[in-house]
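Accompanying notes for the structure given below.
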Amino acid sequence: MNQPASLPLVASLLDAPLPASGVAWLDTVRRENRESFAAGGLPDTRVEAWKYTPLRALGQRQFASGDAAAGVRVVDPSTLALPGVDGPRLVFVNGVFRADLSALDRLPAGLTLQPLSQALEGDAQPLRFALSRHYREVGDAFARINAASAVDGVVLRVAAGTQLDVPVQLVFVGAAAEADLAWHARNVIELGEGAGLTLIEQHTANGELAHLATLVSDIEVREGARLRHVVLQGAAIGASLIRRSSLRLHARTRASLHVLELGGALVRHDIQAELTGDDARLDTRGVFMPHGRQHIDTQLAIRHQALNTVSSSNWRGVANDRARGVFRGAIVVAPGADGSDASLSNKNLLLSPGAEIDTKPELEIYADEVKAAHGATVGQLDERALFYLRSRGIALAQARALLTAAFCRAMLDDLPNEALREHLAALLIAHLPA
Amino acid sequence: MSSTSTETKATRRDNAEVVEALGRSYAAGFVTDIETDYLPPGLSEDIVRQLSALKREPSWMTEWRLGAYRHWLTMPKPDWAKLKIDPIDYQAISYYAAPKAKPKSLAEVDPALLETYEKLGIPLHERAALAGVAVDAVFDSVSVGTTFRKQLAEAGVLFCSMSEAIREYPELVQKYLGSVVPTGDNFFAALNSAVFSDGSFVFIPKGVRCPMELSTYFRINAQNTGQFERTLIVAEEGSHVSYLEGCTAPKRDENQLHAAVVELVALEKAQIKYSTVQNWYPGDENGVGGIYNFVTKRGDCRGDDSKISWTQVETGSAITWKYPSVILRGDRSVGEFHSVALTHHFQQADTGTKMIHLGKDTKSKIVAKGISAGRSSNSYRGLVKMGKGAEGARNYTQCDSLLIGKRCGAHTFPYMEVKNPSAIVEHEATTSKISDDQMFYCRSRGIREEDAVSMIVDGFCKQVFKELPMEFAVEAKKLLEVSLEGAVG
Amino acid sequence: MLKIENLHARVEGREILKGLSLSVSAGEVHAIMGPNGAGKSTLGNVLSGRDGYEVTAGTVTYNGIDLLSLAPEARAAAGVFLAFQYPVEIPGVNNTYFLRAALNAQRKVRGESELDSMQFLKLVREKLKVMQISDELLHRAVNAGFSGGEKKRNEIFQMAVLQPQLAILDETDSGLDIDALKQVAQGVNALRSPERSFLMITHYQRLLDYVVPDFVHVLADGRIVESGDKSLALKLEEHGYVGIGESYPAGATA
């Protein structure tokens, strides 16, 4: 077994002093999480959730905690712009809130959007539930250190009944620094009853770097609310980025999630969705495209806990060079969740002899009035389609590129923001092997 | 032996009738009253030595067992992912139990034993035996007899108990035993390697098509014992063999441990078909008693163009934990796995397969059907691995679960690991219940509810049943009906 | 043979049949016609005992017994047969095996001897000839992968083998091309006898060109609003359902 505290990574993350908030319950939560991180250390591949993502190399690295110069690092605001996205914006550089890059003037009525650091200066009580989580498993190591160390992040609330017609953009910039940094962000997002929100979450790079970032997001979608969440992960090619998004969907909610995983060296995203209210519906779509020596791991877990809940998940992976793509898609239908309808598909293309795909769809069903199905494939482009294109005069390489692009692009089809959709599609195509 | 032969006019049809007569609950649950030799409960180097001595084994075998035992001591107990299980006290189990009388041939077998097998529908007397099926009958820790040995010997096929093989064919056993499942492979394989008592040995020489089905019938009888059988099947170049295995045990309130190891070796162009109908005592409707069935089964397609196919129907045992696997080493080798696992009451089954593709153009196909009723839990767990050298390899997996009732669970955990860009892996799984429309359709044609369920379940399993030899398919179907008794309504 | 009196039935809390009365004697063929949503299929389902159809008032007497008190399989054994509008697929269950199991289950309840496979096969071959169904259909799983026409013909074939006393044909003509319709009609006609009665539920008149009914009833809003002979069907063909029954007070029956 690991000697947790002796791992260089664990020691370096514990090197930073525990942040003091002045809020007694929060200080306790932070201390407890720090203790469990120190005791548990990092999971090894015998822990089921980390079976395909070894942390040996990361465990040997050391990171400086926080970035004292984050407030003054030069970031060109134009690099943060996205077509079709022109609304309130909250920007963090190496985990630190940057008012100068953000757009918080003229917030629409019903929208609360501020950095966690500011929110904690006021009444911290409304954040207590979301920030008081305990992480019991050693597999939760990064959530533990995040809960212990994150001093900033996003607080976003949409008041009941408020339909926002402009998207809200959250940007997490990794910026080159003098040393490899570790930074953490904690996001608390809540949609009130009947509220509507489009949320764009963006991870970008400013220069070459090899930081470690952890992000934990708690997203509460109250009765009848509608959330459209788009994640564009374009972190620096050397970065380690470990995220967890927990969603709770109450009755009659509609939530969709579109994820593009393009950047990062070691990328892990845990998506944990609970459909706790009757008639809740979740649609997830995602594309992961590791190349070079990237390792991108998505762990999607959807729990149907109420009547007539629906989830539909469709994920595509393309692995090239010596990269590794990992996907787990677990569906649980809890006892009594009758009328649930769950489907999941994960299709993958393996483009190179050095690349690897590990995929693991799971069904865990405890109710009988259920429709549940999953499928997964790993393989190559359809030979017949390739031949068809070639017979029409398209060269092999181009035919491949076309079909691969189509394979990924399909995941964006149900994104209504056309300008954004076309931009994301162009990013996908740019990411394909030449 | 006229006292028994008068009652042994069994034919195939009788076999079906016996099974039918097993009635509506676990009718294989009777106990045979017979004098038994035991080793005292507990496990130590000394016990392993005693066991080996009792079986008059050569010293290399004793050392092999001791090596496995020492390794076992160092291994952590398995972490039960989806199983609810009380800790097993390995020191409370007796590792050897055998009828006192040691027959030299079938003619000398204790009548009470012959009667036991007849009751189970497995007559051992050759003139009464199932036509075209040679049977090795294993009672607790030892083989009590093997039928049709002469005919098989004429074809060059070796079919005998493992104990005998160790004494008679030591060079073959030494060459192949542990070559597919190494002694330290997993906790139960290590335990089995240390204490296995008997099992079947099959050797099909080059180019021989085995003239009949081979079969082993396992019976646990004694109390507080475990059964640890070891089966080894070697098919040399171009040979073919089909092997069947059946198992039952008496009803007892304690859980009994069954930890078998089965190793299959297929050399170039050889084909092995291995079928199992597992009906160990499942425990009662309150979850009391039943067999813990922890089995390691693995086949090695060692030669090019070889084929190994596993077919299993799992209806018994309180807990089943087995993943019959195929290592597709030879180029163009083929692995198949067809499975029906039915759980009822408090049964738990965690079963599936591993297909490890190493050779070029290897193919595997997995069809797994799970049926859960009562408060049972039924999981498919499988691994398809495409190694770097698995150029052009293919896998297709289909897992379907059927739920009967609201308090059971049906789970699917497939793992796919692909390292070759020319390989193709496909997996599909569905979960459903018997639809109200199907039930109504059957009933409106006059078919009773319970019969309609049997019929629909049988249809659900058809793809797997058709892989079984005829006699077993009939038995399997009846077993499902019996096992589902009381599941509806 | 069949007497329906003041039948009221609900589906998912909504009242669909609102006082339907109908009387069928042995050997008669009755056509029940009506617009979509009139309650035609509900009638078939109530008569064959499907779950989810709640009878709130009225009686159905079949050969002197209370039909509504019987389980679906008991109704089948008593000689009631429903040809489904949408026959369900039962994967893996062989068509022949299914039919033999059904026939023997019914015979057993009636105290008749069960047919062995030879006797059954003989019976099936006879009926196949009448129905012009290919052998191949028998070897497939029940309705699995059948075309719409094959499913309907399979229903009539089952009826031929099971020999019911009262056959309810629920929109058996829907979705059939003219050739398939003729084949189905031929099958039905071959089964007409003085002992056997038919209730043909249909939206269109065209089936009645080939199976000529003794009586035609118009079902609208859960009641029979008009009854007559074959000419009524032709009138409907010409004028549609608009206006039918409007001149009749609620609850009026033939």
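A, B, ... follow the sequence lines: proteins, then strands. Residue 1 opens every chain.
Among B/E428, B/M386, B/E417, the residue making the largest number of heavy-atom pairs under 4.5 Å with chain A is B/E417. Ranked by heavy-atom pairs under 4.5 Å with chain B, the list A/A373, A/A342, A/P361 is led by A/P361. The candidate from B/V425, B/T397, B/L402, B/V384 with the greatest count of non-hydrogen atom pairs under 4.5 Å with chain A is B/V425. Ranked by heavy-atom pairs under 4.5 Å with chain A, the list B/S435, B/S401, B/A423, B/G409 is led by B/A423. Annotation: maximal heavy-atom pairing with chain B below 4.5 Å, among A/I365, A/I331, A/V332, A/V333, occurs at A/I365. Each of B/V418, B/L403, B/T430, B/D400 has some count of heavy-atom pairs under 4.5 Å with chain A, and the biggest count is that of B/V418.
For chain B, the nearby part of A/A367 is the backbone; its heavy atoms alone come within less than 4.5 Å. Heavy-atom distances place the backbone of A/V370, and not its side chain, under 4.5 Å from chain B. Both the backbone and the side chain of B/A429 have a heavy atom closer than 4.5 Å to some heavy atom of chain A. Contact of B/K419 with chain A is made through backbone and side chain together, with heavy-atom distances under 4.5 Å. The part of A/Y52 that comes within reach of chain B is its side chain, from C-beta onward, which places non-hydrogen atoms under 4.5 angstrom from that chain.
Looking at heavy atoms from C-beta onward, A/H374 lies in side-chain contact with B/T412 at the 4.5 angstrom threshold. In this structure, the side chains of B/K433 and A/E369 come closer than 4.5 Å at one or more pairs of heavy atoms.
Annotation: salt bridge (Lys or Arg N to Asp or Glu O under 4.0 Å) contacts of A/R409 (sequence neighbours excluded): A/E422.
Here the OG1-CE distance, from A/T359 to B/M416, works out to 5.0 Å after rounding to the nearest 0.5 Å. Between atom OG of residue B/S372 and atom CG of residue A/D368 there is a gap of 10.5 Å, rounded to the nearest 0.5 Å. A distance of 3.5 Å separates NE2 of B/H411 from OH of A/Y366, quoted to the nearest 0.5 Å. Interatomic distance, CZ of B/F413 versus CG of A/L363, reported as 8.5 Å (0.5 Å rounding).
Atom CZ of A/R322 is surrounded by 12 or fewer heavy atoms from other residues, nucleotides or ligands within 6.0 Å. Shown here is B/K462, whose NZ atom has more than 12 heavy atoms of other residues, nucleotides or ligands within 6.0 Å.
The interface of residues 344-358 of chain A with chain B, defined by heavy-atom distances below 4.5 Å, comprises A/L350, A/L351, A/S352, A/P353, A/G354, A/A355, A/E356, A/I357, A/D358.
Remark: the backbone N or O of B/P421 is paired with a side-chain donor or acceptor of A/Q380 at under 3.5 angstrom.
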message = Before you tell me yes or no, could you show the steps for B/Y415 and A/K51 under side chain to side chain contact (heavy atoms under 4.5 Å, CB included), namely the whole-Å CA-CA distance, both residues' side-chain angles and the distance that decides it to 0.1 Å?
response = CA-CA 11 Å; B/Y415 295 70; A/K51 184 177 167 71; 3.5 Å; yes

